[in-house]
Every structure is written in C-alpha cells, then in structure tokens.
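Data first, discussion second: the structure below is written as structure tokens.
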Amino acid sequence: MLRGSLVGTAWMVGLALRPYLVSRAIDDGLRAGDRAALLGWVAAIVVAGFGLAQLGIMRHRTMTFIREDASARSAAVLLRQLSRIGAVLPRKLAAGEVATVGGSDVTTISHVLTVTGPGVGAIVAYAVVAVVLWSVSPLLALCVLLGVPAVALLVGPLLRRLDRAESVYRQRQGILTTRAGDIVAGLRVLAGVGGRDLFASRYAARSQELRAEGYRVGAVGSWIEALTAAIPASFLAAVVWLAARMAVEGDITIGQLVAVYGYVAVLVVPVWFLLEASYQMIRGRVAARRVVALLRLTPDDVGASGDGPAPTGLADLHDPATGLTVPGGRLVGVAAADPAEATALADRLGRYVPSAATWGGMPLGGIALPEVRDRILVADHDSYLFAGTLREILHGGRRHEDAELRAALRVASAEDVVDALPEDLDTAIDTRARRLSGGQRQRVRLARALLAEPEVLILIDPTSAVDAHTEARIAQRLRAARAGRTTVLLATSPLLLGHVDEVAYLRDGRVVDTGSHAELLDRNPGYRALVSRDGEPVPAGGSADGEGVLR
C-alpha cells in the first residue's frame with residue numbers, strides 16, 4: 001500500500017507536469033518563434049508521456065495486487081474463524097449471511113484498500129495544482145481551493161443516505177440468501193409434502209421486496225455517480241471560463257491559459273478519485289461491520305470454559321434437564337415424542353449448548369473442550385459430507401486400514417454402496433455426496449461415525465432413510481460393534497430400540513418412563529403409539545431414498 005501511495009502520487013503529480021510543459025512550449029517556443037526551444041519542450045512532453053505511462057502501469061498493477069492479496073487474506077481469516085467457532089456458527093449466524101460475507105463483503109473491503117494509493121496521490125496532486133495556479137493567478141487558485149470542498153459538501157448527504165440504505169439492503173440480502181439455501185436443501189422434502197409452490201411464492205415475494213430495496217440503493221448510487229462526473233466537469237468549465245476572461249484582458253498569457261485548462265483538467269482526476277473513494281468507503285464500512293460481527297463470535301459458547309480433566313474409563317452421562325442417565329458402557333435408546341427435544345438433548349450431552357449436564361459426576365462445562373470433543377461424538381443423520389474419495393470421507397481426519405473401513409461399512413450395512421461404485425473406495429464423491437441416494441448417504445455417515453471410535457457415541461436417527469431390512473441388520477451389528485462403550489441412540493424406530501439395553505421415553509422435556517423396549521410397549525400407551533406410528537406419517541426421509549414416502 002505504501003508503494004501504491006508513492007506510485008499513485010508520482011503519477012497524479014506527473015499529470016500536472018504536462019500542462020506546464022505545454023505552456024512553456026507555447027510561450028517560449030511557438031509565440032517566440034524559437035524552433036529549438038519548441039522542439040526541446042516537445043521532446044520533454046513526449047518523455048513525460050512515456051514516464052507517466054510507466055507510472056500508470058505500475059500503479060494499476062500495485063492496486064490489483066493489493067485487491068487480490070486482500071481478498072485472499074480476508075478469506076483465509078474468515079475460514080480460520082469459521083473452523084474455530086465450529087458448532088456455534090449455525091446458532092449465531094444464518095448460512096446465507098456467511099455466504100454473503102465470504103463472497104461480496106470480502107470483495108468490497110478489498111476494493112476499499114485500493115483507495116489508499118490514488119487517494120493519497122489525489123490529495124498531493126490537489127495541493128500541487130493549487131500552488132502552481134497560485135503562481136499564475138491567486139484568483140484562480142482560490143476558486144480551486146474553495147471548489148473542491150464545495151463538491152464534498154454537495155455529495156456528503158448522499159453518502160450518509162447511501163450508508164443507511166446499503167446497510168438495510170445488505171441485511172435483507174443475507175436473509176434472502178439463507179432462505180434460498182434452506183429451500184434448495186429441503187427441495188425433496190418440500191416436493192414430498194406439496195409445499196414447493198408455497199415456498200417458491202414466499203421467496204418470490206421476498207425477492208421483490210429486496211429488488212425494491214436494491215432500486216433505492218441504486219437510486220442513491222446513481223446520483224453519486226452522476227455528481228462524480230458532472231461536478232468536476234462543471235468545475236472545469238467555470239475555471240476555464242474565468243481563465244479565458246483573464247487572458248482576453250491580458251492578465252495571463254495564452255500559454256498560461258492553456259496551462260490553466262490543463263491543470264484544471266488534471267484536477268478532475270483526483271477529484272473523481274476522492275469522490276469514488278468516499279463512495280467505496282461507505283460500502284466498505286457496511287461490509288466491514290458484517291465481517292467484524294462474524295469475527296467477534298467466540299468458539300466456546302457452550303457453558304463454562306473449564307480446563308479440568310475428563311473422567312477416566314467408563315463414566316455415566318447425566319442430563320438434569322430431562323432426568324436422563326446413561327450408564328457407562330451401555331447402549332441406551334431415547335424415544336422422544338418431539339424430535340426437537342431429542343436434538344436438544346444431544347446438544348446438551350455433546351456440550352454444544354450451555355447446560356448442567358455431567359459426565360462421571362463432573363460438569364461437562366468444567367472439562368476441557370478439546371477433551372470433550374475427542375471423547376464424545378454427536379453424529380447427526382444429515383451431517384455434512386465434503387467432496388473427496390469415499391476412502392477420504394470415511395477416514396474423517398485419521399487414517400484407517402482398508403479392513404477397518406470395510407468392517408465399519410459392514411456394520412452400517414453399506415457394502416452395497418461400495419460395490420455400486422466404479423472405483424470401489426477410491427471413487428470420487430461430490431460435495432454432500434449428491435450422487436448417492438439418501439439412504440446410502442446416511443449409511444456412509446454412520447460408518448464414518450463408527451470409525452471415529454469415540455468413548456461416547458450419540459446417534460441422532462441414524463436409519464431414518466433406510467428400508468426395514470437394512471435397518472434390522474444395522475441394529476444387530478451396531479450393538480456388537482459398540483459393545484463395552486457408551487452409545488446413546490436417539491430414535492423412534494422399533495427395530496433399533498428392540499436391540500438396546502434400555503429405552504428412555506422422553507415426553508414434554510422429561511423422561512417419563514424407562515425399561516426395555518418390550519416392557520414399555522406393554523405398559524406405556526404413549527410409547528406404544530409413538531414407536532408404532534399409529535396413523536402417523538414418518539418424517540421426511542422415511543423411504544429408502546429419503547423421499548418422504550410413508551413406511
């Protein structure tokens with residue numbers, strides 16, 4: 001940026017040099033009839049032109065480097081922050097907001113940084129032209145000195161209005177982007193329940209509102225752009241008219257008149273840069289607020305940030321909010337009447353939200369967070385699948401032998417997924433594994449969770465998108481694979497719950513009954529109605545391919 005400022009200043013001051021050379025060529029060479037002087041000044045003009053061209057190239061390249069480098073650095077900072085705060089992000093910031101921050105906001109800020117070079121040069125060039133004009137005519141110099149502040153006074157109110165309008169537009173844009181992402185992510189579900197047209201119409205209505213807001217921002221921006229072009233031109237016309245009157249009256253020479261025109265024409269460039277810089281600064285401030293808001297998020301927003309040790313060996317998990325206790329080394333099923341309560345329970349047991357949950361009698365919030373993350377894994381049935389080979393997806397950050405991979409795939413009943421791929425485990429899978437069906441993706445996620453081999457594994461509806469035969473195989477194999485380790489199975493599938501050591505029936509936020517699956521079926525009508533789904537549709541994703549068909 002220092003190099004850009006120096007080169008930009010040299011370029012803009014150099015622009016003021018050529019009018020001086022032209023005026024000397026006219027007065028000393030052309031009007032005086034001195035051919036040698038005329039040729040000398042013409043040669044100087046040519047040399048100055050080549051020098052200015054080189055400075056212009058250097059300035060442009062430097063500004064481009066600053067812009068690209070700033071974008072890359074900002075994107076890297078955001079990426080580190082996103083990976084650092086982890087699970088806090090979805091609760092604090094919408095996905096659409098993150099996408100907009102990482103895209104348009106970073107680019108806007110990088111453009112603001114390029115203002116520095118021409119901005120410093122514009123101020124210096126303005127001062128140089130004012131001094132040179134003072135040597136020609138104090139009256140002309142006074143007009144210039146007063147004219148540029150007048151331009152700022154005219155544009156200032158529009159810039160403040162743009163700041164407000166841009167802030168509102170930017171906020172609504174993030175909300176609409178989030179809505180679009182939600183619609184695309186749930187398109188199959190929406191189609192299955194007949195809600196696609198309803199959400200499309202709602203999105204269209206919000207889009208029209210955003211377009212109207214965009215027109216308001218564009219209207220202010222267009223006035224600023226118009227004034228950026230019109231005011232310097234009017235300023236140039238006024239000064240040239242005054243200089244021409246002075247030349248007619250003999251106060252200045254013809255060469256000085258030409259020089260005055262050149263000086264003021266050159267002054268249009270820094271004035272334009274200053275106005276453009278003001279416009280970019282307003283947009284940059286709006287973008288920077290959004291970026292800073294994301295950077296202010298803290299990763300440990302999950303209760304006390306203790307650094308105590310975790311319990312050694314098998315230990316009980318306890319959630320006071322629901323009264324659930326998971327004995328160490330046991331496979332416990334939790335059947336929740338409300339799926340949201342099951343998800344909230346998993347968040348508390350996995351320490352993704354502040355809670356009074358304990359592990360081995362010690363508060364989870366008092367245990368070092370890396371220790372909790374390393375030993376307790378919450379596996380969502382819809383967790384993200386990054387692009388890569390199937391082998392890389394299953395590794396999940398740690399290397400495994402092929403025998404281990406295939407053993408986990410067998411427990412997840414996903415051998416057929418590998419058999420159907422053209423290059424076996426080395427087949428490239430796209431982002432979110434869209435080439436796989438819903439049931440296949442879910443089984444790959446389960447295999448990945450099993451390969452992590454955590455002491456405590458919390459599975460959220462791991463078989464909601466597979467058929468009954470596959471689900472039965474998974475239930476049998478999962479019990480054997482997790483023998484001797486703590487596993488919490490949040491599901492309402494009778495096939496899964498029939499293979500656990502104990503079932504806890506969760507209703508209205510509390511555990512109201514516990515026992516084996518068979519015992520609860522016999523004595524608890526509410527549990528029996530929940531797991532048998534009497535007259536109730538299966539949640540979306542209930543078919544083998546996740547299409548929301550009733551099972």
Side-chain angles (χ1 to χ4, degrees), residues 1-29 37-73 107 109-136 140-141 144-145 147-148 151-152 225 228-229 231-233 235-236 239-240 255-256 258-281 284:
M1 290 177 67
L2 176 61
R3 182 171 77 245
S5 298
L6 293 174
V7 175
T9 299
W11 177 68
M12 286 202 179
V13 172
L15 293 176
L17 175 64
R18 287 190 297 181
Y20 172 77
L21 297 176
V22 172
S23 69
R24 296 302 302 271
I26 293 174
D27 287 341
D28 297 348
L38 177 62
L39 291 176
W41 288 114
V42 168
I45 292 171
V46 173
V47 172
F50 279 108
L52 285 173
Q54 186 62 33
L55 287 172
I57 292 172
M58 294 172 62
R59 180 193 67 83
H60 183 72
R61 286 182 175 177
T62 303
M63 293 300 100
T64 301
F65 170 79
I66 291 174
R67 183 168 56 250
E68 297 301 321
D69 184 64
S71 296
R73 288 171 180 262
T107 303
I109 293 173
S110 68
H111 278 81
V112 173
L113 293 180
T114 61
V115 164
T116 306
V120 173
I123 295 172
V124 175
Y126 169 69
V128 169
V129 170
V131 170
V132 173
L133 280 177
W134 191 274
S135 65
V136 176
L140 292 175
V144 172
L145 291 173
V148 174
V151 171
E225 292 282 352
T228 300
I231 291 177
F235 182 59
L236 172 63
V239 174
V240 170
Q256 288 176 325
V258 174
V260 168
Y261 172 79
Y263 293 144
V264 179
V266 165
L267 197 61
V268 170
V269 177
V271 170
W272 182 86
F273 269 115
L274 290 174
L275 292 174
E276 181 69 13
S278 301
Y279 176 63
Q280 291 293 342
M281 285 291 291

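- Here the rule is side chain to side chain contact (heavy atoms under 4.5 Å, CB included) with V22, and of L17, V258, V42 only V258 fits it.
- Applying the side chain to side chain contact (heavy atoms under 4.5 Å, CB included) test between I57 and each of R61, H60, R59 identifies R61 as the sole match.
- Interatomic distance, CZ of R67 versus OG of S71, reported as 8.0 Å (0.5 Å rounding).
- Residues passing the side-chain hydrogen bond (donor to acceptor under 3.5 Å, both in side chains) test with T62: none are found, sequence neighbours excluded.
- In this structure, the separation between CD on E68 and CZ on R73 is 13.0 Å, given to the nearest 0.5 Å.
- Heavy-atom minimum distance, L113 versus M1: O-CE, 3.9 Å.
- For R24, the side chain to side chain contact (heavy atoms under 4.5 Å, CB included) partners at least two apart in sequence or on another chain are Y20, D28, W41.
- One finds the OG1 atom of T9 at 10.5 Å from the CG atom of L55 (value rounded to the nearest 0.5 Å).
- Separating the OG1 atom in T114 from the NE2 atom in H111 is a distance of 6.5 Å, to the nearest 0.5 Å.
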